[in-house]
Undergrad: 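Here it is: the structure, laid out below.
Note: hydrogens, waters and symmetry copies are ignored here, and every other heavy atom, side chains too, is used. In what follows, every chain begins at residue 1, and chains take the letters A, B, ... in the order their sequences are listed.
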Amino acid sequence: MSIGKTVDGLFDKFLSETKIFTNRNVLRHDYVPDNLPHRSEQIEKLASILAPTLKLSKVSNIFLYGKTGTGKTAVARFVLNHLGGKAKKVSARIQTSYINCRLAGTNYRILADLCRTIGVSIPFTGLAVGEVLNRFRNYLNASKTSLIVVLDEIDALIKRQDDDSILYELTRINEGLRENWTSLIGISNDLHFKEFLDPRVLSTLSEEEVVFKPYLADELYDILSDRAKAAFMKDVLVDSALRLCAALAAGEHGDARRALDLLRVAGELAEREGVNNVVEKHVKQAQNKIDRDRVSEVLSSLPLHSKIVLISAYLLGTRSPEGSITGDLFEVYKELSNMVPVEPLTQRRVSGLINELDAMGILNARVVSFGRYGRTKKIRLGVSPTAVNEVLSEDRLVENLFKYTPKYLARKSSR
DNA sequence: TGTCCACTGGAAGGGAGGGCTT
DNA sequence: AAGCCCTCCCTTCCAGTGGACA
């Protein structure tokens with residue numbers, strides 16, 4: 001009985017303590033508010049480009065670019081939501097799809113996701129890309145629906161080693177359609193990505209361009225106060241805390257996403273502390289917490305072999321803070337793999353994993369030449385060793401590796 | 001100036017896991 | 001069920017490389 005009572009009361013504390021938020025979802029970055037301050041120019045431009053769709057005319061492909069957290073995705077979703085509503089009223093056959101290319105991963109998955117958003121079911125593997133493309137085209141032809149596709153983080157498509165043929169195919173898909181059409185909205189935060197595009201794709205994709213400049217501190221303040229009104233109880237949020245959020249995010253290239261995260265986490269910290277106000281102290285704590293959480297999320301979701309590579313770099317780093325080289329790291333990695341135990345990958349593959357971890361910022365790898373002593377990569381941890389230890393020690397498969405002293409290291413130091 | 005080291009990184013191919021067609 | 005084709009992840013192979021050293 002008493003257990004039942006305890007369990008029953010488990011969440012009461014939480015429920016009784018929501019003195020801070022009225023609706024914390026408003027502070028999530030996938031939330032599209034009714035009003036997007038300081039983006040009316042971009043909204044109007046995008047809307048004016050897309051407006052002819054309501055009269056079933058094909059519209060230009062559009063390219064939106066600007067740094068992270070400058071409102072590209074929010075503006076695109078905002079305009080498409082309104083367009084969708086209007087299309088229903090005037091009975092225009094228009095569908096919209098939103099795909100995040102980086103999250104989707106491969107060309108195949110992007111196409112498969114695209115098909116799923118319009119209601120065509122595609123297995124997660126087994127089909128040729130060409131076959132998926134055919135089904136996509138057939139559906140569009142049969143349904144006579146026109147489609148506006150948002151390809152967010154489109155640069156992820158180009159940076160991978162595989163080619164950009166999927167973009168080429170999408171830009172040409174209208175050639176196979178009879179009564180309807182498809183328009184693309186590409187979104188990128190990498191201004192240089194266009195240099196890597198196939199010129200044929202580039203000319204079709206960027207028929208229209210909308211640029212998103214970083215928000216200034218004052219603009220961030222306006223955005224935050226708008227959202228804060230909807231998210232927090234009255235008089236909970238101290239104005240100086242709000243200003244600090246805006247100032248910190250403005251320091252990081254005017255990133256509204258960062259500002260919203262700071263505000264939300266600051267609120268949550270205040271809530272857990274059981275106080276009735278969100279003050280500057282909470283914002284500063286939130287800043288540290290967000291950085292820590294980001295690192296631990298990335299580390300804990302790494303594949304097993306990447307974790308072992310990382311622990312190898314960690315162990316080598318405790319001996320020589322100036323960094324290790326590929327050959328040493330690979331020797332340690334092989335020993336650790338046998339401890340786990342898993343079959344070690346080849347040096348070529350490990351070298352690739354090192355590059356991947358470098359791209360994620362978890363390792364710092366730099367190609368160096370030691371003259372007649374060869375050419376290799378100098379590798380250091382890109383995150384704090386404490387974080388690596390803390391996060392990966394929670395993984396049962398690899399936790400013991402931290403206590404292990406690789407024989408290779410002992411041999412090396414005795415030399 | 002040529003040699004040589006310890007790799008790097010591109011290319012090709014293998015095989016596991018899967019779907020489609022017959 | 002068999003044969004074929006696909007993606008994804010990996011291995012194998014190997015030409016290429018920067019720069020210290022003889």
Undergrad: Name the residue closer to the 5' end of DNA chain B, choosing between A/Arg372 and A/Arg135 according to the nucleotide with the nearest heavy atom.
TA: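 The answer here is A/Arg372.
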
Undergrad: Rounded to whole angstroms, how far apart are OH on A/Tyr108 and P on B/dG18?
TA: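 So the OH-P distance, A/Tyr108 to B/dG18, works out to 12 Å.
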
Undergrad: Going by ring-ring contact (aromatic ring centres under 6.0 Å, His included), name the residues that satisfy it together with A/Phe232, two or more places apart in sequence or in a different chain.
TA: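 By the ring-ring contact (aromatic ring centres under 6.0 Å, His included) rule, A/Phe232 matches A/Phe21.
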
Undergrad: If you walk 5' to 3' along DNA chain C, what is the first nucleotide with an atom under 4.0 Å of a heavy atom in chain A, and what is the last?
TA: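 Range of nucleotides within reach of chain A: C/dC6 to C/dA22.
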
Undergrad: Show the distances under 3.5 angstrom between N or O atoms of the protein and N or O atoms of nucleotides 14-17 of chain B.
TA:
none

Undergrad: How would you list all residue pairs meeting salt bridge (charged side-chain N to carboxylate O under 4.0 Å, His left out) that involve residues 295-308 of chain A, not counting sequence neighbours?
TA: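 Matches after skipping sequence neighbours: A/Lys307-A/Asp395.
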
Undergrad: Return the set of residues passing salt bridge (charged side-chain N to carboxylate O under 4.0 Å, His left out) with A/Arg116 (not counting sequence neighbours), or none when no residue passes.
TA: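 A/Asp113.
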
Undergrad: Just grab all the ring pair (Phe, Tyr, Trp, His ring centres under 6.0 Å) pairs involving residues 204-228 of chain A, residues at least two apart or on different chains.
TA: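 Listed by first then second residue: nothing to list.
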
Undergrad: Pair up each side-chain donor or acceptor in residues 59-69 of chain A with any protein partner under 3.5 Å, not counting sequence neighbours, and list the distances.
TA:
{"residue": "A/Asn61", "atom": "OD1", "partner": "A/Leu184", "partner atom": "N", "Å": "2.8"}
{"residue": "A/Asn61", "atom": "ND2", "partner": "A/Thr204", "partner atom": "O", "Å": "3.1"}
{"residue": "A/Tyr65", "atom": "OH", "partner": "A/Glu209", "partner atom": "OE1", "Å": "3.4"}
{"residue": "A/Thr68", "atom": "OG1", "partner": "A/His253", "partner atom": "NE2", "Å": "3.2"}

Undergrad: Between A/Lys45 and A/Glu41, does at least one N-O distance fall below 4.0 Å, as a salt bridge requires?
TA: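 Result for this pair is no, no salt bridge flagged.
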
Undergrad: Can you sort out the partners of A/Arg258 under side chain to side chain donor-acceptor pair (under 3.5 Å), two or more places apart, ordered by chain and number?
TA: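 So A/Arg258 forms a side chain to side chain donor-acceptor pair (under 3.5 Å) with A/Glu252, A/Asp291.
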
Undergrad: Near DNA chain C, counting only heavy atoms under 4.0 Å, which residues of residues 345-354 of chain A show up?
TA: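 Only A/Leu345, A/Thr346, A/Arg348, A/Arg349 qualify.
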
Undergrad: A/Ala270: what forms a side chain to side chain contact (heavy atoms under 4.5 Å, CB included) with it, not counting sequence neighbours?
TA: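 Counting only residues at least two positions away or on another chain, A/Ala270 forms a side chain to side chain contact (heavy atoms under 4.5 Å, CB included) with A/Ile20, A/Val275, A/Val278, A/His282.
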
Undergrad: Test: ring pair (Phe, Tyr, Trp, His ring centres under 6.0 Å). Region: residues 380-404 of chain A. Which pairs qualify, not counting sequence neighbours?
TA: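 Listed by first then second residue: A/Tyr314-A/Phe402.
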
Undergrad: What integer distance in Å separates A/Asp328:CG from B/dC7:C1'?
TA: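 The answer, rounded to whole Å, is 12 Å.
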
Undergrad: Whole angstroms only, please: what is the NZ-P distance between A/Lys378 and B/dC7?
TA: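 Rounded to whole Å, this separation is 12 Å.
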
Undergrad: Under 4.0 Å between a side-chain nitrogen and a carboxylate oxygen: does that hold for A/Glu273 and A/Lys281?
TA: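 Salt bridge: yes.
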
Undergrad: What is the separation between atom CZ on A/Arg109 and atom P on B/dG18, rounded to the nearest whole Å?
TA: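 After rounding, the gap between these two atoms is 14 Å.
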
Undergrad: Apply side chain to side chain contact (heavy atoms under 4.5 Å, CB included) to A/Thr145 and list each qualifying residue two or more places apart in sequence or on a separate chain.
TA: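 Testing A/Thr145 for side chain to side chain contact (heavy atoms under 4.5 Å, CB included), a comparison that skips the adjacent residues, returns A/Arg93, A/Gln95, A/Ser143.
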
Undergrad: Please confirm whether the shortest side-chain N or O distance from A/Lys377 to OP1 or OP2 of B/dC7 is below 4.0 Å.
TA: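 Answer no for this pair, as no side-chain N or O of A/Lys377 is under 4.0 Å from OP1 or OP2.
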
